[in-house]
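Just so you know, residue 1 is the first one in the sequence shown, and it goes up from there.
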Amino acid sequence: MARVLQMMAVVGSILFCSAARAEAPESQLQALLEDFQAEYGFPGATAATVDRQGRIVSVATGLADAEAGIPMVPDSRMLAASIGKSFVAALVLSIEDDGVLRQSDTAALHIGDRDWFAQLPNHDTMTIGDLMRHAAGLPDHVHDDDFATAMRARVVAGSGALPPEDAIAFILDAAPLFPAGSGWSYSDTGYLLLGLVIEEVTGARYYDLVEERFLNPLSLDATSPSDNRQIAGLAVGYTLADNPFGFPPRTTNDAGQLVWDPAMEWTGGGLVSTSHDLALWGHALFGGTAMPEPYLERLLDGVPVSPDAPDVFYGAGVAIYTETPRGPVYGHGGWIPDYVSSLRHYLDHDVTVAFQINTDVGIADDSTDLVPALEAAIADLAIGLAGEGTE
């Protein structure tokens, strides 16, 4: 907390001293990001903000490749991890507008004929809406010990990604965590099931639909599927040597290829992006302009995540914080070994912020307060630059 207060004091001085007010927004955001890089020692990061007029500021600091000394630039791309779930859920809402499914449909209605489906927890009761909101009572294969063992073996062997149905298999015959629709527990497995439903009811590839309905119309030109090891413009990522999946500390080899196959994520995340594109996406999604038909009421129809957090809900691929010092906040975080991303929209100020960092060291284990501190600092700066002011 002391570190947060220290960094907030730095931001406050940037916001309110008269000399700083004369600086361009890019310079102020750049200075803030550099201060955090100096304080926390991460290799590199990018950050972007969008205000109510649609003006975007995008900056970078540090290194995209520490060994080669290649600087991070605003166009540097990183794996966006679970922020991809916001695209999956938005696509479900878009398909719902087409009339080919409803959130109240059971998953069994669409993919119940798969020979493994009856082995899923709550297979006969969980709905599409439950899956989108992590309310289906499913375990998460990502945190299964057998899955971690399988991943380590695949990394050593240089094997490709597990197909979605093979990843889902890690939770077959498991006991449900709770009856479908009666609780909340985060599950990447549930989002893989959503991907199968999407492709079943549309007859199209998930990635083709995302490009057609969101990436192309919204000019998210730096965002694309992370479905192979060779990704143009990807910043090198860094993780702990003793991570549970057996990934090496540096993500790429000398040829610039990822040493593991990111296609393992698919609809659990599955996109590479920039802070610039993530901020634009969040501003459109949470501003109600990402799709032609009205959708915000369905997007923000959330379920409580915990009795200990009565002001936090999870909607259709979106975390909802109803009461914060900056008013209601919508967004999503993203973590995968080597990369951390954050997307936040501040409703009362119509400001959206995003950042990406090319390491998860000190973040995945919560041993530092970097992510919440940086979220708060960029938000206050962006709100101040938008002329809203802060308390």
Lys/Arg N to Asp/Glu carboxylate O, Asp105 vs Arg102, below 4.0 Å: yes
task: Locate the shortest heavy-atom distance separating Val351 from Ala386; write the atom from each residue and the value.
output: CG2-CB, 4.0 Å
message: Please give me the minimum heavy-atom distance between Leu285 and Ala90, naming the atom from each residue.
response: CD1-CB, 4.1 Å
- request: Say whether Arg250 and Thr239, considering side chains only, have a donor N or O and an acceptor N or O under 3.5 Å apart.
  value: no
message: Using 0.5 Å steps for rounding, measure from the CG atom of Leu234 to the OG1 atom of Thr251.
response: 6.0 Å
query: Would Val73 and Thr46 satisfy side-chain contact (heavy atoms from CB on, under 4.5 Å), going step by step from the backbone distance to the final call?
result: CA-CA 7 Å; Val73 295; Thr46 62; over 6 Å; no
task: Taking the side chain as every heavy atom from C-beta outward, state whether Thr267 and Leu194 have any atom pair closer than 4.5 Å.
output: no
message: So that I can tick it off, tell me whether Glu165 and Arg114 are bridged by a salt bridge, with the cut-off set at under 4.0 angstrom between side-chain N and carboxylate O.
response: yes
field: Nearest-0.5 Å distance, CG of residue Asp348 to OG1 of residue Thr324
entry: 8.0 Å
query: Do you see a donor-acceptor pair shorter than 3.5 Å between the side chains of Gln356 and Ser341?
result: yes
field: Min side-chain heavy-atom separation Val312-Ile320 under 4.5 Å
entry: no
- prompt: Within a reach of under 6.0 Å around CG of Asp254, are more than 12 heavy atoms found that belong to other residues, nucleotides or ligands?
  reply: no
- request: With the side chain counted from C-beta on, respond yes when Pro121 and Pro139 share a heavy-atom pair under 4.5 Å apart, and no when they do not.
  value: yes
- line: All heavy atoms of Thr274 vs all of Ala222, minimum pair found to be CG2-CB, 3.6 Å
- prompt: Side-chain heavy atoms under 4.5 angstrom apart, residues restricted to Ile, Leu, Val, Met, Phe, Trp, Tyr: same cluster for Tyr238 and Phe247?
  reply: no
message: Can you tell whether the side chains of Arg213 and Asp98 come within less than 4.0 Å, N to carboxylate O?
response: yes
message: Donor-acceptor pair, distance only, cut-off 3.5 Å: does the side chain of Trp116 make one with the backbone of Ala169?
response: no
query: Are any side-chain N or O atoms of Glu199 and backbone N or O atoms of Tyr206, one a donor and one an acceptor, separated by less than 3.5 Å?
result: yes
- prompt: Taking atom types as modelled and ignoring hydrogens, do the side chains of His276 and Ser58 form a donor-acceptor contact shorter than 3.5 angstrom?
  reply: no
query: Does the ring-ring contact (aromatic ring centres under 6.0 Å, His included) test come out yes or no for Phe245 and Trp260, once each step is laid out?
result: CA-CA 10 Å; Phe245 303 121; Trp260 55 278; 8.8 Å; no
Close side-chain approach of Ile171 to Asp144, heavy-atom, < 4.5 Å: no
field: Pair Asp277, Thr223: side-chain N/O donor-acceptor within cut-off below 3.5 Å
entry: yes
- prompt: For the residue pair Tyr191 and Ala89, what are the closest heavy atoms and their distance?
  reply: OH-CB, 3.9 Å
- request: Return the minimal non-hydrogen interatomic distance between Leu215 and Ser224, and the atom names on each side.
  value: CD1-CA, 4.4 Å
task: For the pair Asn243 (side chain) and Gly246 (backbone), establish whether a donor and an acceptor sit closer than 3.5 Å, ignoring hydrogens and angles.
output: yes
query: To the nearest 0.5 Å, what is the distance between NE2 (His134) and NZ (Lys85)?
result: 5.5 Å
- prompt: Picking from Ile168, Asp173, Ile111, what satisfies side-chain contact (heavy atoms from CB on, under 4.5 Å) with Leu120?
  reply: Ile168
query: Should Arg55 and Val50 count as side-chain neighbours, where that means a heavy-atom distance under 4.5 Å?
result: no
Gln53 CD: over 12 foreign heavy atoms closer than 6.0 Å: yes
message: Working to the nearest 0.5 angstrom, can you tell me the gap between Met72 CE and Phe42 CZ?
response: 9.0 Å
Working for side-chain contact (heavy atoms from CB on, under 4.5 Å), residues Thr359 and Asp338: CA-CA 4 Å; Thr359 185; Asp338 312 306; over 6 Å; no
hydrophobic_cluster_shared for Val210 and Ile83, side chain cutoff 4.5 Å: yes
message: If hydrophobic clusters are built by linking Ile, Leu, Val, Met, Phe, Trp and Tyr wherever their side-chain heavy atoms come under 4.5 Å apart, do Leu258 and Ile70 end up in the same one?
response: no
message: I'd like to know if the side chain of Asn253 and the backbone of Gln257 have a donor-acceptor N/O pair within less than 3.5 Å.
response: yes
side-chain contact (heavy atoms from CB on, under 4.5 Å) evaluation trace for Ser226 with Ile231: CA-CA 7 Å; Ser226 54; Ile231 299 176; 4.1 Å; yes
task: Taking atom types as modelled, find out whether Asp380 and Tyr346 have a side-chain donor-acceptor pair closer than 3.5 angstrom.
output: no
query: Judged by atom type as modelled, is there a donor-acceptor pair below 3.5 Å linking the side chain of Tyr207 to the main-chain atoms of Gly270?
result: yes
- request: Indicate if Tyr186 and Phe313 have the same hydrophobic cluster label, given that clusters are the connected sets of ILVMFWY residues with side-chain heavy-atom separations under 4.5 angstrom.
  value: yes
Closest contact, heavy atoms only, Met78 versus Ala235: CG-CB, 4.1 Å
field: Aromatic ring proximity, centroids under 6.0 angstrom, His332 and Tyr314
entry: yes
message: Regarding Ser219 and Asp221, do their side chains bring together a donor and an acceptor under 3.5 Å, going by distance alone?
response: no
message: Side-chain heavy atoms nearer than 4.5 Å, only ILVMFWY residues, links allowed to pass through others: does that put Val318 and Leu343 together?
response: yes
task: Kindly determine whether Leu192 and Leu196 satisfy side-chain contact (heavy atoms from CB on, under 4.5 Å), including the steps that lead there.
output: CA-CA 6 Å; Leu192 295 185; Leu196 296 178; 5.9 Å; no
task: Consider only side-chain N and O atoms of Ser94 and Tyr295, and report whether a donor and an acceptor are under 3.5 Å apart.
output: no
statement: Taken to the nearest 0.5 Å, the spacing of Thr202 OG1 from Leu209 CG works out to 4.5 Å
- prompt: Just by distance, do the side chain of Asn358 and the backbone of Leu63 share a donor-acceptor pair under 3.5 Å?
  reply: yes
task: Using distance alone, with no hydrogens and no angle criterion, decide if His141 and Asp188 have a side-chain donor and acceptor under 3.5 Å apart.
output: no
field: Side-chain H-bond candidate by donor/acceptor type, Glu375 with Ser342, under 3.5 Å
entry: yes
query: Would you say the side chains of Asn216 and Glu211 form a donor-acceptor pair under 3.5 Å?
result: no
field: Test of ring centre spacing under 6.0 Å for Phe87 and Trp281
entry: yes
task: Please round to the nearest 0.5 Å and tell me the distance separating atom CE of Met132 and atom CG of Leu299.
output: 9.0 Å
- prompt: Quick one: does Thr127's side chain get under 4.5 Å of Gln103's, heavy atoms only?
  reply: no
- request: Report the residue from Ile363, Ile357, Leu79 that forms a side-chain contact (heavy atoms from CB on, under 4.5 Å) with Tyr339.
  value: Leu79
query: Do Ile95 and Ile198 have side-chain heavy atoms sitting under 4.5 Å apart?
result: yes
- request: Taking the side chain as every heavy atom from C-beta outward, state whether Phe355 and Leu374 have any pair of such atoms under 4.5 Å apart.
  value: yes
Donor-acceptor under 3.5 Å (Asp311 side chain, Glu323 main chain): no
message: side chain to side chain donor-acceptor pair (under 3.5 Å), that's the test. Do Asp369 and Tyr40 meet it? Break it down for me.
response: CA-CA 9 Å; Asp369 60 358; Tyr40 289 87; 2.6 Å; yes
